[in-house]
Amino acid sequence: MTDRELLLEAIRATEKAYAPYSRFRVGAALLARSGTVYTGANIENASYGATVCAERTALWQAVLCGEKEFDTLAVAAVQADGTPIAAPPCGICRQTLSEFSDGSLRIIIGTPDGLRTFTLRDLLPEAFGL
Ligand SMILES: [Zn+2]
């Protein structure tokens, strides 16, 4: 699967977002080493604090299916007016992803002009670990 194909999966996942408060829709597509792609979308909550990001819903779905090794995560976001916007993973998602990566996980961020590629280590150079 190419980076662009994975990003398209993330873009499609934005349609599944539950975002009645912010109307900021985020989609994620996580490519496991097995070759399976797991998608996620942000799920908001009236308490705001209980809101869950797209990256973590994708990761949790993958882990619940027995996956623990991942190759690439693609993230896409759409603003309330439908305009695409770059949305790198938040700090909580970076730390959560680090539980299942030595930092080499590739992260693709969709932008209005295409895509940008990082590693998890780029975005979280000193991850907490026990
Ligand atoms: Zn997040």
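Keep in mind that the numbers below use all heavy atoms, side chains included, and drop hydrogens, waters and symmetry copies. Keep in mind the model is a prediction, meaning the values are calculated, not measured.
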S.K.: Can you measure from CD (E69) to CG (D102) and round to the nearest 0.5 angstrom?
M.R.: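 Result: 9.5 Å between the selected atoms.
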S.K.: Restricting to non-hydrogen atoms, name the atom on A13 and the atom on G40 that form the minimum distance, rounded to 0.1 Å.
M.R.: CB-O, 3.5 Å
S.K.: side-chain contact (heavy atoms from CB on, under 4.5 Å) for L73 and L31? Distances and angles first, verdict last.
M.R.: CA-CA 6 Å; L73 171 72; L31 175 62; over 6 Å; no
S.K.: Please report the closest heavy-atom contact between A62 and L30, naming both atoms and the distance.
M.R.: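 Smallest interatomic distance, heavy atoms only, reads CB-CD2, 4.2 Å.
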S.K.: So, for Q79 and P84, which heavy atoms are closest and what is the spacing to 0.1 Å?
M.R.: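 Looking at all heavy atoms of both residues, the shortest contact is NE2-O, 4.4 Å.
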S.K.: Hey, what do you get for OG (S104) to CG (L120), rounding to the nearest 0.5 Å?
M.R.: 8.5 Å
S.K.: Would you say that more than 12 heavy atoms from the other residues, nucleotides or ligands in this model lie under 6.0 Å from the CZ of R23, or not?
M.R.: no
S.K.: Are side-chain heavy atoms of L59 and F70 found at a separation under 4.5 Å?
M.R.: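 Sidechains of F70 and L59: in contact.
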S.K.: Atom OH in Y18, atom CD in E44: separation rounded to 0.5 Å?
M.R.: 8.5 Å
S.K.: Identify the heavy atoms of A32 and Y38 that sit nearest to each other, and give their distance.
M.R.: CB-CE1, 4.1 Å
S.K.: Is there a side-chain contact between S98 and L124 (heavy atoms, below 4.5 Å)?
M.R.: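 Of all side-chain heavy-atom pairs linking L124 with S98, at least one is under 4.5 Å.
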S.K.: Enter the distance from L7:CG to M1:CE here, rounded to the nearest 0.5 Å.
M.R.: 11.0 Å
S.K.: Report, as yes or no, whether the 6.0 Å neighbourhood of atom CZ on R4 holds more than 12 heavy atoms from other residues, nucleotides or ligands.
M.R.: no
S.K.: Kindly compute the distance separating OG1 (T14) from CD (E9), expressed to the nearest 0.5 Å.
M.R.: 11.5 Å
S.K.: Applying the 4.5 Å side-chain criterion to the ILVMFWY set and letting contacts propagate, would L105 and V63 be lumped into a single cluster?
M.R.: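 Yes, because L105 and V63 connect within a single hydrophobic cluster, where side-chain heavy atoms sit under 4.5 Å apart.
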S.K.: Taking N42 for the side chain and V52 for the main chain, is one N or O donor matched with an acceptor at less than 3.5 Å?
M.R.: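 Absent.
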S.K.: Output yes when a side-chain donor or acceptor of R25 lies under 3.5 Å from a complementary backbone atom of A80, and no otherwise.
M.R.: no
S.K.: Could you check whether R106 and T72, counting side-chain N and O atoms only, form a donor-acceptor pair closer than 3.5 Å?
M.R.: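 A donor-acceptor contact under 3.5 Å links the two side chains.
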S.K.: Walk me through whether Y21 and N45 qualify under side-chain contact (heavy atoms from CB on, under 4.5 Å).
M.R.: CA-CA 8 Å; Y21 307 105; N45 186 276; 5.8 Å; no
S.K.: Please check if the side chain of T57 supplies one atom and the backbone of A41 the other of a donor-acceptor pair under 3.5 Å.
M.R.: yes
S.K.: So, T111 versus D113: side-chain donor-acceptor pair below 3.5 Å or not?
M.R.: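 No, no side-chain donor-acceptor contact under 3.5 Å.
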S.K.: Give a yes or no on whether E5 atom CD has more than 12 heavy-atom contacts from other residues, nucleotides or ligands under 6.0 Å away.
M.R.: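 More than 12 heavy atoms, drawn from other residues, nucleotides or ligands, come within 6.0 Å of this atom.
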S.K.: Test R116 against I108 for side-chain contact (heavy atoms from CB on, under 4.5 Å), laying out the working first.
M.R.: CA-CA 6 Å; R116 294 183 65 196; I108 299 165; over 6 Å; no
S.K.: Between T117 and I107, is a side-chain contact (heavy atoms from CB on, under 4.5 Å) present by the stated rule, with each step listed?
M.R.: CA-CA 6 Å; T117 304; I107 298 179; over 6 Å; no
S.K.: Is the backbone of Y48 close enough, under 3.5 Å, to the side chain of T51 for a donor and an acceptor to pair up by distance?
M.R.: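 It does hold such a pair.
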S.K.: Verify, without hydrogens or angle tests, whether R94 (side chain) and P89 (backbone) share a donor-acceptor contact under 3.5 angstrom.
M.R.: yes
S.K.: Would L123 end up clustered with F100 when hydrophobic side chains under 4.5 Å apart are linked, directly or stepwise?
M.R.: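 L123 and F100: one cluster.
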S.K.: Return the minimal non-hydrogen interatomic distance between V26 and A54, and the atom names on each side.
M.R.: O-CB, 3.5 Å
S.K.: Are any of the side-chain heavy atoms of T39 and R12 separated by less than 4.5 Å?
M.R.: no
S.K.: Do T96 and E55 have side-chain N/O donor and acceptor atoms under 3.5 Å apart?
M.R.: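 Short answer, no.
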